Structures are given as structure tokens and as C-alpha cells.
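This one's a predicted model, so the numbers in the text were calculated from it and none came from an experiment.
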Amino acid sequence: MTTDARGRAARLVPLIPRILLRLGGVVFVLWAVITVTFFAVRAVPGDPVLAILGGPGSNASAEAVAQARAENGLDQPLFIQYRSQLWRTATGDLGFSYAQRESVAGLIGEQLPGTLALAGLSLLLAWVIALAVAWWSTGGGRLAWGIASTLEVIAAAVPHFWLAAVLVLVFAGMLGLPVAVSGPGFGGLILPSVTLALPLAGYLGQVMREQMLDALESPFVLAARARGEGRSGIFWRHVLRHAAIPAVGLSGWALGSLVSGAVVVETIFARPGLGRSLLDAVGARDVPYVIGVLIVVAAAYMLVTVITDLVEPLIDPRARDRAGDWAGTPGIAAMPGRSGASA
């Protein structure tokens, strides 16, 4: 092994506990999702066998009910059913939907693109709104700062179902615009994405505002002003870098918030997607489908969390210093010729 290879291997060794901790966290989250969902759905009144046989109005005979119960393992004790669910999930088998009698993986694959498009556009729109309000408030004086802070609090407190109903009433009922119709294409995404984006923009703005206030009073901003740097340069090069760090870290939570909001928004706007199908599956006690959807959501949440961990060092040099400490190598601030107090 060459000297460089041995050096790289030596730098990776301190990262092993962190990697193992991450993997352990992934396993724990998936186990918790499966466990809570399994017992919560089973606590819903009704018999899941009826979902298998076509719903409560199927008028299935006692023999058909007994056969369906045996074929799906529902005649076993609850703990045995739970253990079987854990084993199937661990082997990558999400099973078949009770209500739709199709592969859960296939059904999720059909519904996932619509929800991802809605969540992605909503997250992008929320960031645009939050940044626009932040930019306006930093140059508008105390009045603009107070107005922006009030708007963020109101937006964060608005329920999705109320906002969706108001948008439909205004754009469809009062203005008669086709943008309110939830059809295929980009036009059908506008109002649902606005409904999800406004409360999230309020949260992001609230998280960034305190950091922005600290950054505006920090020595590196005062030094930039003394050098004659304009408001745009100060905001985009200095203030935003520090204010956006906690908001970027909330991206994983934001994804979970968007998916939970999609349950309401997709139902109100009659959009196909995971949120609407998840609500139907809970009502039908379709345990395999509910667990499959929540596993996908949990996996997406963890993926976004890892991505934010990778993005944070690009925004904040101090994160690169911490990464260097993890790897047993000097951080950027400790390297020769670099200042430890870089902005």
C-alpha cells in the first residue's frame, strides 16, 4: 500500500464510529416507523379482512372471510403478524395492498412522482418567498423588519386546509381562473404548491431572522460596510451565508411537513399522490400500503438529511473545520495561510 493510500485509510478510521452511528439511526427510524404504524393502523376500528374482500359492503360469506384471514396471516396472534411484517420489510418485500390487490411497491411508484413534484416545487417556492422577504426587510428599516416578522408568524400559523379553501374560493369562485383547477401539467401544481409553500416560508423566515440580526451586527459585516460594500453584497455574501445555515438544516423536517400537508392538499385539490392515497389506505386499514408509504417517506427524510449535511460545509466554513476534526485532519481555519475568523 502506498503512502497516500495509507494516509487516506488513516483519515477514514476516525469516521467509522460516525458512519456506524448514522446506520444505526437509519435502522432505528425505520423500525420505529414500522412499529408505530403497524399498531396504530390495527387500532383503527374495523376488520382488515373486509378491505381484502372489497370493503364492508362486499357481503362476503363466513368461509371467504376465514380463507382470506388465513391466506394473509391475520389468524395469527398480533405479535406473530408484527414479526412477519418486520421480516418482510427487512428483506425488501413491501407486500400487496389489501384494498387494491396490487404490489405496494408498484402502487407507490405510480403515486410518488406527483407528490415529489408537488413537494419539490413547494420547497423551492418557500425558499424564494423567504429569501425575498428577508432581502426586503434588511433594507427597509425597522418598519419593514416588523412587517416581515409579523407576516412570517401569520404564515407559519395558517392551517393548510384553510389556506387551500381560501385560494380555491378566490381564484375559482371569485376570479374564475383556470389556475384553480387541479389538472395535469404545471397549471395544476400552482395553487397546491402555494398552499404548502406559504406556511413553510413563514417557518424558514422565522428561523433565519434571528441569525440575520446577529450577522448584521457582527464584525465582518461592519468591516464590509467600512470597505464600501453595498447592501446586495453584504446580504448575499455575508448575512445570508450565516442566516441560511439553520434553515438548511431544517430541510429534512420541511420534507416531512410537506408530505403531511400533501395529505390535505391532494385531497382538497383532487390530485393523485401519496398523501391522498395514504388517507384512503388508513380508512381502509390497508396495513401493507400504509407501512410502505411511510417507509418511503422516512427514507426520503433521511436522504435529505444526509444531503443537508453535505451542503452545510459549502455554506459555512466552520462546518468544514468540524469535518476536518472528525477526519483527524486540520480544518480550513487551521491550515497555513488561512484566517480562523473568516466570514
Handout entry: Side chains of Ile34 and Ile295 in contact at under 4.5 Å (non-hydrogen atoms)
Key = yes
Handout entry: Side chain to side chain, Ser277 and Leu107, heavy atoms closer than 4.5 Å
Key = no
Handout entry: hydrophobic_cluster_shared for Val133 and Val128, side chain cutoff 4.5 Å
Key = no
Handout entry: Leu118 and Ser193, any side-chain heavy atoms less than 4.5 Å apart
Key = yes
Problem - Within 6.0 Å of CZ in Phe38, more than 12 heavy atoms from elsewhere - result: yes
Exercise for the section: Answer with yes or no whether the hydrophobic clustering places Trp162 together with Phe269; edges join I, L, V, M, F, W, Y residues whose side-chain heavy atoms lie under 4.5 Å apart. Expected result: yes
Handout entry: Hydrophobic cluster membership, Trp31 vs Ile80, 4.5 Å side-chain cutoff
Key = yes
Exercise for the section: Mark yes or no for whether Ser149, through its side chain, and Gly146, through its backbone, hold a donor-acceptor pair below 3.5 Å. Expected result: no
Problem - Minimal non-hydrogen separation, Pro192 against Arg271, with atom names - result: CG-CD, 3.7 Å
Exercise for the section: Taking all heavy atoms of Ala262 and all of Leu196, pick out the closest pair and write down the distance. Expected result: N-CD2, 4.0 Å
Practice task
Verify side chain to side chain donor-acceptor pair (under 3.5 Å) between Thr91 and Trp87, making sure each step is shown before the conclusion.
Solution key: CA-CA 6 Å; Thr91 56; Trp87 174 251; 4.7 Å; no
Problem - From Leu121 atom CG to Ile190 atom CD1, the distance as rounded to the nearest 0.5 Å - result: 8.5 Å
Problem - Distance, nearest 0.5 Å, that separates OG of Ser122 from CG of Leu189 - result: 8.0 Å
Practice task
Examine Val170 and Leu167 and state if one hydrophobic cluster contains both, with Ile, Leu, Val, Met, Phe, Trp and Tyr joined whenever side-chain heavy atoms are less than 4.5 Å apart.
Solution key: yes
Problem - Trace of the side chain to side chain donor-acceptor pair (under 3.5 Å) decision for Thr115 with Gln111 - result: CA-CA 7 Å; Thr115 299; Gln111 304 292 341; over 6 Å; no
Practice task
Might you work through the side chain to side chain contact (heavy atoms under 4.5 Å, CB included) test for Tyr289 and Asp280, ending with a clear yes or no?
Solution key: CA-CA 10 Å; Tyr289 188 78; Asp280 295 338; over 6 Å; no
Completion exercise
Shortest non-hydrogen pair, Gly292 vs Val104, comes out as CA-CG1, 4.1 Å
Exercise for the section: Dump the intermediate steps for side chain to side chain contact (heavy atoms under 4.5 Å, CB included) on Leu198 and Val158, then the final yes or no. Expected result: CA-CA 8 Å; Leu198 284 178; Val158 171; over 6 Å; no
Practice task
Measure the shortest side-chain to side-chain distance between Val263 and Arg276 over non-hydrogen atoms and say whether it is less than 4.5 angstrom.
Solution key: no
Practice task
Measure across Leu163 and Val194 and return the closest heavy-atom pair with its distance rounded to 0.1 Å.
Solution key: CD2-O, 4.2 Å
Handout entry: Shortest non-hydrogen contact between Ala126 and Ala197, atoms and distance
Key = CB-O, 3.6 Å
Exercise for the section: Please examine the side chains of Thr195 and Phe161, heavy atoms only from C-beta on, and report whether any two atoms are closer than 4.5 Å. Expected result: no
Problem - Sub-4.5 Å side-chain heavy-atom contact between Leu258 and Leu123 - result: yes
Exercise for the section: State whether the side chain of Glu266 and the backbone N or O of Gly275 hold a donor-acceptor pair below 3.5 Å, judged by distance alone. Expected result: yes
Practice task
List the atom of Ala201, the atom of Ala130, and the distance in Å for their closest heavy-atom pair.
Solution key: O-CB, 3.9 Å
Practice task
Take Leu294 and Leu278 through the test side chain to side chain contact (heavy atoms under 4.5 Å, CB included) and record every step on the way to the result.
Solution key: CA-CA 9 Å; Leu294 294 183; Leu278 177 61; 4.1 Å; yes
Problem - Close side-chain approach of Tyr82 and Phe39, heavy atoms under 4.5 Å - result: yes
Problem - Interatomic spacing from CD in Gln85 to CG in Asp93 - rounded to 0.5 Å - result: 9.0 Å
Problem - Ile129 with Ile154, same ILVMFWY side-chain cluster at under 4.5 Å - result: yes
Problem - Close side-chain approach of Arg88 and Ser84, heavy atoms under 4.5 Å - result: yes
